Amino acid sequence: MDKTYSPAQIEQHWYAQWELQGGFAPRSDAGAKAFCIMIPPPNVTGTLHMGHAFQDTIMDALTRYHRMRGEAALWQPGTDHAGIATQMVVERQLNAEGRRRTDLTREEFLERVWQWKAQSGGMIAHQLRRLGASVDWSRDRFTMDEGMTRAVTEAFVRLHEQQLIYRGKRLVNWDPVLLTALSDLEVLSEEESGSLWYLRYPLSDGTGALVVATTRPETMLGDTAVAVHPDDERYRHLVGATLILPLSGRRIPIIADGYVDPSFGSGCLKITPAHDFNDYAVAQRHQLPLINIFTPDARLNEAAPPQLRGLDRFEARARILVELEARGFIERTEAHKLMVPRGDRSGAVIEPYLTDQWYVRVGELAAPAIAAVESGRIRFVPANWDKTYFQWMRNIQDWCISRQLWWGHRIPAWYDEAGHIYVARDAAAAAAQARAQRGRDVPLRQDEDVLDTWFSSALWPFSTLGWPAETADLRRFYPGSVLVTGFDIIFFWVARMIMMGLKFMADVPFRDVYVHGLIRDAEGQKMSKSKGNVIDPLDIVDGIGLEALIAKRTAGLMQPHLAPAIEAATRKQFPQGIGAHGTDALRFTFASLATHGRDIRFDLQRVGGNRNFCNKLWNAARFVMLSVEQQAPGPQELLFAEAGEVELTVADRWIRSRLGAAIRVVEGAFADYRFDFAAAALYEFTWHEYCDWYLELAKPVLQGAGAATPQQRGTLQTLLAVLEALLRVLHPLMPFITEEIWQRVAPRLPGPAPAAPAPVPVAVPASIMLAPWPSAADFASDPAAERDMHWLMQVVLGVRQIRGEMDLSPARKLPLLLQNASAADLALAQRHQALLMRLAGVETPCPLTDGARAPPSASALVGELTLLVPMAGLIDPVAELARLEKRMRKTGEEISRAQAKLGNDKFVGAAPAAVVAQERERLAEFERTRAGLERQLAQVRALGADPP
RNA sequence: GGACGGUUAGCUCAGCGGUAGAGCACUGCUUUCACACGGCAGGGGUCGCAGGUUCAAUCCCUGCACCGUCCACCA
């Protein structure tokens, strides 16, 4: 093995191997429990960002974990056609060529999109492979592939048959730039500064005027009433009177409606039913006419006075204000903060607009979806996300699913010339329907619109498994085990999958919903292209130079003027670019950051630390393999041949026991989706137990070449067995390095069969990913070994502390005296003498017999036992005095605290007996320590080292 | 206007009734035959503020402050 771990050399090799072996497909034996995760399909024409990489790491870890546990694990891959987003990208490309979408026919444009998909669609697959994602590529799906189209059509037709889909003319959120309707969710409202204009509307009888306050004066052209509150004394007598609408001269009534808030503005509300959702509702109640004043791109239409027609809504506002001002209709103007709705893709101000659209009647679908979470059939992790879910689901509005786009699933509805609608699975069926209803053949044309992308996404959990056919996969893998997703799409996607799953599969689509936080940059900023702070996860894996990184971040910006600022920030944050860290380090970092209910500030230094961790693991394995080859250069016979001739040291037993504990922690962490706990436990065990202690403890045992003793065999076996099992526990989080090492280690171990006289190496799985998850029971808890090791570690730490604080060279062997040693201490010291000498760097420990005078020494306490390192020629008494005094101070503080507690009758009376006993124990321990320290202090002071 | 989350060591974060932890950064010693992407030792925190409950509060309750997110029809 090389001295340094180089991820680049091993990662791509192993992924190709896994794929070749077909290791990603779920095992087919009928008895295996199914485990299934559906990938949230990313936009096919996009690339994966850090959030995806994080999410994919979690899904892959879960999949690998369950696969190793013998389950039929399926991680379903796929991509999404992402209607608006993709269409916009292709339109931008056309614009760059000086063309527009409308210069092409619909077919030509779609051809163009498919080309772009073919060209860019491989990027995500490539990234997933580099991240080690063990998705079953043979099942790769696209939300506009043939099967998905069939599923979408089927779902639409069935919902329509049950009157759960309908077509209706009503106000929708209209994007006047993209020229399409949007669902409520695709509209983001933000507070912006505007004005509140107070307009005077004269009464038709000439007796005065009413003042209305509005933030959108241009919509007055569509006013069909002014409303006041029915109890408003100021205006009650005017209800039923008529106003003359300025500029237009149209007469509109004054009506009373409880919606009006008398305390806002003047208490009079202009009603513009065709351009405001609330006004629309008021108009419905009062049978007011609707007057549309805008064209689809939000210019004034023929309903406006001639001089204003054709003006954009914002130009129109300015012009109308000038005219109103000139004619004295403006009473006053106030600055005003208001919520402005904008399209989430275009950023354009959304216009409530009267159009024909298709809707899903959601109320009926929502009820069982709410119940599924209430009853616990679906569980959110962390649990408090169910509140968010309920809040939305209980106030859900009908879902507008038609989009005036070209890229997407065409709506399976046909119209005849009279406008009758035929919803059918295909054109022929629609024609047959029309014939049956009309009594003759009638020419039909299909609806031009496409479906909201999320309509197909909502079917993802079962359409990928073959629905509407009743497939074996559906029976086996539906419902899925867990959905891993960000909170930002709980409404867009999670809720809708639950509704559709319950509707079409009569069961929930998944049991758990693991909701993770957002990946932010080191400053806590959201990562986005326009902020120029995005990092391609592969750039952390492979590294990237500064100039290349800048080029990547500033290319193709929507606002090119931001480039210099982005470049400066990038130079500041990554003066050397980004180094190569490898996939395993990145994945381990994601896992260790995956805490519950919190966004994640991504810190590149963590990845650096975890790359070092990989290197540590690599070198530990290197040490093990070197040791094994030295003792048993050939086959494994030397290590495992003669049964019974193996002796385990206390260290061997200890590390096995500790591994068992670590396995249990990791299992619990996976069950609770606490990947941070899993990572921490593995890091701690690998580095601080296996490497820091166990490998050092193994060295003295292995010293001296030649024929292996039973003890050496035991240690070699333990080195190998613990490493091999550790690799398997690490594998779900760090697939590549564990595979690379495991391929060298596993063949050295005997299989599960009992060692026969001439043991045959048992066939091991071709890959660690197919090896079984290690059983904690194979590494049973060994309290006796843990006790002995605890003692040994305390002694070693005591000596090291003296050495460290006295600045003694690590190379220097120190004499060690044992004072006040119990019989047990002496036995332990005897039994572990070699280990003790090696790890503490001391000469043979020498017990002080009772009454023997101790030389002036630096000291450390292990229970009753006092460790003494004679000072002569080594230690500065002044320094030792300072050290002892510092310890004395700390001990004194602890003693006072414990005494205060125990002196409190209420504590002794009310606290549980165990807590009181523990406190007494603590106090006794501290007092022993104090006594020991006092002895030592007296002796050092007696040297005359006490400063004046 | 509702709802949710956060505030713990210089930084990023765990912990959440009874000795305050990790990683990184920092200081000293150390280039001994797994690893300097290393080893050993060390320094560093009145756990946002104020009340309350409790024998005991970083942890539970109430209020406040600041930061963040989501939802909502006040023109």
Side-chain angles (χ1 to χ4, degrees), chain A residues 1 3-5 189 196-197 212-216 219 227 259-261 263-272 276-282 336 338-339 382 384-385 387-388 390-392 395 487-488 490-491 517-518 520 522 524 579 581 585 589 592-593 595-606 608-627 674 676-677 679-680 683-684 691-692 695-696 699 796-797 800-811 841 894 897-898 901 904-912 914-916 918-919 922 926:
Chain A
M1 289 174 79
K3 190 168 170 181
T4 303
Y5 154 68
S189 289
L196 191 59
W197 287 276
V212 299
T214 182
T215 54
R216 299 200 57 195
T219 64
Y259 167 70
V260 180
D261 175 0
S263 66
F264 187 91
S266 61
C268 301
L269 173 63
K270 67 194 261 314
I271 302 297
T272 320
D276 183 283
F277 289 102
N278 295 310
D279 293 5
Y280 183 83
V282 172
H336 185 69
L338 70 162
M339 298 297 277
N384 54 291
W385 285 107
K387 289 202 179 63
T388 307
F390 287 138
Q391 192 186 329
W392 189 69
N395 298 294
F487 58 83
D488 48 332
I490 287 181
F491 306 141
L518 208 66
R520 298 172 174 277
H581 295 83
T589 304
S592 63
L593 294 172
T595 78
H596 279 185
R598 192 162 169 142
D599 284 353
I600 292 160
R601 284 192 191 212
F602 190 81
D603 182 0
L604 198 57
Q605 292 196 308
R606 287 286 286 257
N610 288 139
R611 181 202 48 210
N612 295 354
F613 176 60
C614 291
N615 189 246
K616 188 76 179 173
L617 177 67
W618 180 265
N619 276 288
R622 184 163 166 261
F623 169 77
V624 172
M625 293 313 290
L626 288 173
S627 305
R674 286 304 303 254
D676 56 331
F677 285 0
Y683 189 99
E684 168 70 19
C691 291
D692 284 352
L695 294 190
E696 296 307 318
K699 284 174 187 174
V796 170
L797 289 171
R800 281 181 183 170
Q801 197 171 54
I802 293 169
R803 186 193 299 277
E805 294 186 2
M806 296 299 117
D807 281 353
L808 300 174
S809 159
E894 294 292 349
R897 219 181 328 165
K901 245 180 165 177
N904 183 347
D905 292 342
K906 287 180 179 168
F907 170 72
V908 179
V915 173
V916 177
Q918 188 191 335
E919 197 62 30
R922 255 166 59 78
F926 285 127

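Computation of the quantities below employed the complete heavy-atom set of this structure, encompassing side-chain atoms and omitting hydrogens, waters and symmetry-equivalent molecules. Lettering follows sequence order; numbering is per chain, from 1. Bear in mind the structure is a predicted one, so any value in this text is a computation, not a measurement.
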### Task
Classify the side chain of A:K699 and the base of B:A34 as holding, or not holding, a donor-acceptor pair under 3.5 Å.
yes
### Donor-acceptor contact below 3.5 Å, side chain A:N615 vs main chain A:R611
no
### Message
Can you check the distance between B:G17 and B:C47, where both ends of the measurement are the C1' atom (answer in whole Å)?
### Response
14 Å
### Query
Considering only heavy atoms and no angle criterion, is a donor-acceptor pair shorter than 3.5 Å present between the side chain of A:K616 and the base of B:C35?
yes
### Task
Look at all strands and tell whether A:M339 reaches a base, only sugar-phosphate, or nothing, counting heavy atoms closer than 4.0 Å.
base
#### Entry: Nearest-Å distance for atom pair CG/P, residues A:D807 and B:U27
15 Å
### Query
With respect to the side chain of A:F487, which nucleotide from B:A75, B:C55, B:U69 is positioned closest?
B:U69
### Query
Using a cut-off of 4.0 Å on non-hydrogen atoms, how would the nucleic acid contact of A:L797 be classed: base, sugar-phosphate, or nothing?
sugar-phosphate
### Task
Looking only at non-hydrogen atoms, find the nearest pair between A:K270 and A:D279 and report the distance.
O-OD2, 3.2 Å
#### Entry: Euclidean distance for P, B:G43 against B:A20 (whole angstrom)
15 Å
### Query
Looking only at heavy atoms, which two atoms of A:W618 and A:M1 are closest? And how far apart?
O-CE, 3.7 Å
### Query
Between B:C24, B:A75, B:G18, which one does the side chain of A:A911 approach most closely?
B:G18
### Query
When you compare B:U58 with B:U19, how far apart are their P atoms, in angstrom units rounded to a whole number?
10 Å
### Message
Just to be sure I understand the rule, does A:K270 reach a base, reach only the sugar-phosphate, or reach nothing, if contact means heavy atoms closer than 4.0 Å?
### Response
nothing
### Message
Expected output check: what is the dot-bracket annotation of RNA chain B, where ( ) and [ ] are pairs inside the strand (brackets for crossing ones), | is paired with another strand, and pairs are Watson-Crick or G-U under 3.5 Å?
### Response
((((((((.[[[[.)..(..]]]].(((((.......))))).....[[[[[..)....]]]]])))))))....
### Query
Once you round it to whole Å, what is the distance between C1' of B:C11 and CG of A:L593?
13 Å
#### Entry: Minimum-distance nucleotide to A:R800 side chain [options: B:A34, B:C74, B:A41]
B:A41
### Query
Reckon A:A620 touches a base, only the sugar-phosphate, or nothing at all at heavy-atom distances under 4.0 Å?
base
### Query
Out of B:U30, B:C55, B:C70, which has the shortest distance to the side chain of A:P810?
B:U30
#### Entry: A:G265 versus A:A213, closest heavy-atom pair with distance
CA-CB, 4.3 Å
### Query
Using the P atom in both, what is the distance from B:U54 to B:G39, to the nearest Å?
50 Å
### Message
For a quick test of reading the model: is some side-chain N or O of A:N612 closer than 4.0 Å to OP1 or OP2 of B:G38?
### Response
yes
### Query
Does A:H596 have a side-chain nitrogen or oxygen under 4.0 Å from the phosphate oxygens OP1 or OP2 of B:G5?
no
### Query
Which pair of heavy atoms, one from A:F623 and one from A:K699, lies closest together, and at what distance?
CZ-CG, 3.6 Å
### Query
Ignoring hydrogens and angles, are the base of B:A56 and the side chain of A:E919 linked by a donor-acceptor pair under 3.5 Å?
no
### Message
Using the P atom as the point on both nucleotides, what is the distance between B:C37 and B:U46, in whole Å?
### Response
34 Å
### Message
Measure CG/A:N615 against P/B:G38 and give the value in whole Å, please.
### Response
7 Å
### Query
Phosphate oxygens OP1/OP2 of B:U12: is one of them under 4.0 Å from a side-chain N or O of A:R598?
no
### Query
Could one point to a donor on the side chain of A:R601 or the base of B:U12 with an acceptor on the other under 3.5 Å away?
no
### Task
Determine yes or no for a side-chain-to-main-chain donor-acceptor pair under 3.5 angstrom, with A:R606 supplying the side chain and A:L593 the backbone.
no
### side chain to side chain contact (heavy atoms under 4.5 Å, CB included) assessment of A:T589 paired with A:F613
CA-CA 11 Å; A:T589 304; A:F613 176 60; over 6 Å; no
### Summary
Result for 5'-nearest mapping on RNA chain B, choosing between A:G265 and A:W392, is A:W392
### Task
Indicate, with a heavy-atom threshold strictly under 4.0 Å, whether A:A811 touches base, sugar-phosphate, or nothing.
nothing
### Query
Is the shortest heavy-atom distance from the side chain of A:V908 to the side chain of A:E919 under 4.5 Å?
no
### Closest nucleotide among B:A34, B:A41, B:C55 to the A:A910 side chain
B:C55
### Task
Could you check whether A:E684 gets within reach of a base, just the sugar-phosphate, or nothing at all, counting any heavy atom under 4.0 Å?
nothing
### Task
Would you mind classifying the nucleic acid contact of A:F677 as base, sugar-phosphate or nothing, using non-hydrogen atoms under 4.0 angstrom?
sugar-phosphate
### Task
Scan A:R922 against the nucleic acid and name what it touches under 4.0 Å (heavy atoms): base, sugar-phosphate only, or nothing.
base
### Message
Under 4.0 Å, heavy atoms only, any strand: does A:L695 hit a base, just the sugar-phosphate, or nothing?
### Response
base
### Message
Under 4.0 Å, heavy atoms only, any strand: does A:C614 hit a base, just the sugar-phosphate, or nothing?
### Response
nothing
### Message
Can you tell me which nucleotide in B:A20, B:G42, B:A14 comes closest to the side chain of A:R674?
### Response
B:A14
### Spacing of the C1' atoms in B:C49 and B:C66 (rounded, Å)
11 Å
### Message
In this structure, how many angstroms lie between the C1' atom of B:A57 and the NZ atom of A:K906, rounded?
### Response
16 Å
### Message
Which heavy atom of A:N610 sits nearest to which heavy atom of A:S592, and what is that distance?
### Response
OD1-OG, 4.1 Å
### Query
Base, sugar-phosphate alone, or nothing: which one does A:F264 contact when heavy atoms must sit under 4.0 Å apart?
base
### P-based separation of B:G45 from B:G51 [nearest Å]
24 Å
### Summary
Ranking A:A621 and A:K387 by the position along RNA chain B of their nearest nucleotide, the one closer to 5' is A:K387
### Message
Does the plane of the ring in A:F491 sit parallel, tilted or perpendicular to the ring in A:W392? Use 30° and 60° as the thresholds.
### Response
parallel
### Task
Verify the contact: side-chain N or O of A:T215 to OP1 or OP2 of B:A75, cut-off strictly under 4.0 Å; return yes or no.
no
### Message
With rounding to the closest Å, how many angstrom separate the C1' atoms on B:C70 and B:G10?
### Response
33 Å
### Message
Without decimals, in angstroms, what is the distance between A:R520 CZ and B:C11 C1'?
### Response
18 Å
### Task
Have a look at A:H336 and say if it touches a base, only the backbone sugar-phosphate, or nothing, with a 4.0 Å heavy-atom cut-off.
sugar-phosphate
### Task
Please report, rounded to the nearest Å, how far the C1' atom of B:G39 is from the CZ atom of A:R803.
12 Å
### Query
Between A:Q391 and B:C70, does any side-chain N or O lie under 4.0 Å from OP1 or OP2?
no
### For atom OH of A:Y683 and atom P of B:C35, their distance in whole Å
18 Å
### Query
At under 4.0 Å between heavy atoms, what does A:V624 touch on the DNA or RNA strands: base, sugar-phosphate, or nothing?
nothing
### Query
Can you find a heavy atom in the side chain of A:Y259 that is under 4.5 Å from one in the side chain of A:L269?
yes
### Whole angstrom value for the distance that separates P of B:G38 from CG of A:N610
12 Å
### Query
If only atom types and distance count, is the side chain of A:R674 paired as donor or acceptor with the main-chain N or O of A:T595 below 3.5 Å?
no
### Task
Side chain of A:R622 only, please: which of B:U32, B:C35, B:G23 is the nearest?
B:C35
### Message
Please classify the nucleic acid contact of A:Y5 as base, sugar-phosphate, or nothing, using heavy-atom distances under 4.0 Å.
### Response
nothing
### Query
Of the nucleotides B:G18, B:A34, B:A75, which has the atom closest to the A:F623 side chain?
B:A34
